[in-house]
Amino acid sequence: MEIEKVSILGCGWFGLPFAKHLVAKGYEVKGSTTSEQKLSELKRDGIAPFLIDLNQGDDLPTDFFDTDVLLVNVPPRAKSADAVNYVTKLKPIAEAAKGKIKHLVFISSTGVFEDGNFAVDERDCPQPTTEAGKVLLEAENLWKAYPQFSVTIIRFAGLLGPGRNLAKFFAGKTDVANGKAPVNLITLDDCIGVCAHLLETQKFGEIYHAVVPHHPSRSEFYSGLCEVSGMQPPHFKDELLEWKQINAVNLPEKLGYVFKVQNWFEWMKQPTL
């Protein structure tokens, strides 16, 4: 059955460009925002706008759940008390969605995995140690408790793209720890590509790791990124402390997705940031 209608809960850094991409592809797209000022922007971009603030506990608009696919893209705020109540705030979404939607896609994070000095993929069970990781894993399990719709979990790695040039966090710094640890990253273009490919193939009901399959060291990657960004390069300690390498098995094997970025140093040659 063809997917025609998509609702996106959370039209922020990823959600809004993804919604625009779907509109251009001919989907009927509904998008939510917590800002009244942004409603007109969504409408101007061809997105049916909805004001939904999970912090307010307002009644949820039933029209928003008249959709084929609901994509939930509202990450917890890790540095605030909001994270403690994250799953509680999501439960009304699950209740409103049951019996109305066919598929739910939850944007999670590879941060659900602890730094266990290992390479892991979708077949491994995370045991998070951070507060954000713990609540995200709890949220993943919340959706799975609803048999009324299929649940697809997409775990984004560290995000790169417009407004997210990670070089600024390292430029000019000295004695930066853990220089030999591998990076786990993805660009906005590939975030959009993964989710769009999921809608096209309808390979729902899986866990997908959305992480570029190239893992240079922190020292190599951020030194290169600072150089192409015109920033002073950092100096990393030549050491390997706690680390993890997140691999994607289901994306190439089950979804058949080919990453736009195959090599970070080739990507750096393009004027992308």
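Please read these numbers as outputs of a predicted model, since none were measured by experiment.
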Review point. Is any side-chain heavy atom of Val151 less than 4.5 Å from a side-chain heavy atom of Phe204?
Key: no
Revision key, fill the gap. Contacts of Asp190 meeting side chain to side chain donor-acceptor pair (under 3.5 Å) (sequence neighbours excluded), chain-then-number -> Tyr257
Practice item. Could you list the residues that satisfy salt bridge (charged side-chain N to carboxylate O under 4.0 Å, His left out) with Lys20, not counting sequence neighbours? Key: Asp45
Check your understanding: With sequence neighbours excluded, what pairs up with Lys168 under the salt bridge (charged side-chain N to carboxylate O under 4.0 Å, His left out) test?
Key -> none
Review point. Is there a donor-acceptor contact under 3.5 Å linking the side chains of His235 and Thr174?
Key: no
Check your understanding: salt bridge (charged side-chain N to carboxylate O under 4.0 Å, His left out) with Glu2: which residues, sequence neighbours excluded?
Key -> none
Check your understanding: Taking only residues two or more places apart in sequence or in another chain, which ones pass salt bridge (charged side-chain N to carboxylate O under 4.0 Å, His left out) with Lys260?
Key -> none
Exercise for review: Please report the C-alpha distance between Asn250 and His209 in whole Å, then the side-chain angles of each, then the deciding distance to 0.1 Å, and finally whether the side-chain hydrogen bond (donor to acceptor under 3.5 Å, both in side chains) criterion is met.
Suggested key: CA-CA 7 Å; Asn250 287 349; His209 284 173; over 6 Å; no
Point to revise | side chain to side chain contact (heavy atoms under 4.5 Å, CB included) involving Asn178 - partner list, sequence neighbours excluded | key: Ala181, Arg218, Leu240, Leu241
Review point. Is a salt bridge present between Glu266 and Lys269, judged by a nitrogen-to-oxygen distance below 4.0 Å?
Key: yes
Check your understanding: What is the ring orientation for Phe106 with Trp143, classed by angle as parallel under 30°, tilted 30 to 60°, or perpendicular over 60°?
Key -> tilted
Review point. Are Arg164 and Leu160 close enough, and set up right, to give a side chain to side chain contact (heavy atoms under 4.5 Å, CB included), and what steps lead you there?
Key: CA-CA 5 Å; Arg164 286 181 183 263; Leu160 275 170; 5.6 Å; no
Exercise for review: Answer yes when Asp66 and Lys5 have at least one side-chain N-carboxylate O distance shorter than 4.0 Å, and no when they do not.
Suggested key: yes
**Study point:** Ionic contact status for Glu95 with Lys98, cut-off 4.0 Å
**Key:** yes
**Study point:** Electrostatic pair Asp68-Lys102, nearest N-O below 4.0 angstrom
**Key:** yes
Practice item. Decide whether Ser229 and Asn165 meet the rule of one side-chain donor and one side-chain acceptor closer than 3.5 Å. Key: yes
Review point. So, Glu140 and Arg155, do they make that salt bridge, N to O below 4.0 Å?
Key: yes
Exercise for review: Kindly work out whether a path of hydrophobic side-chain contacts (I/L/V/M/F/W/Y, heavy atoms less than 4.5 Å apart) joins Leu51 to Ile93.
Suggested key: no
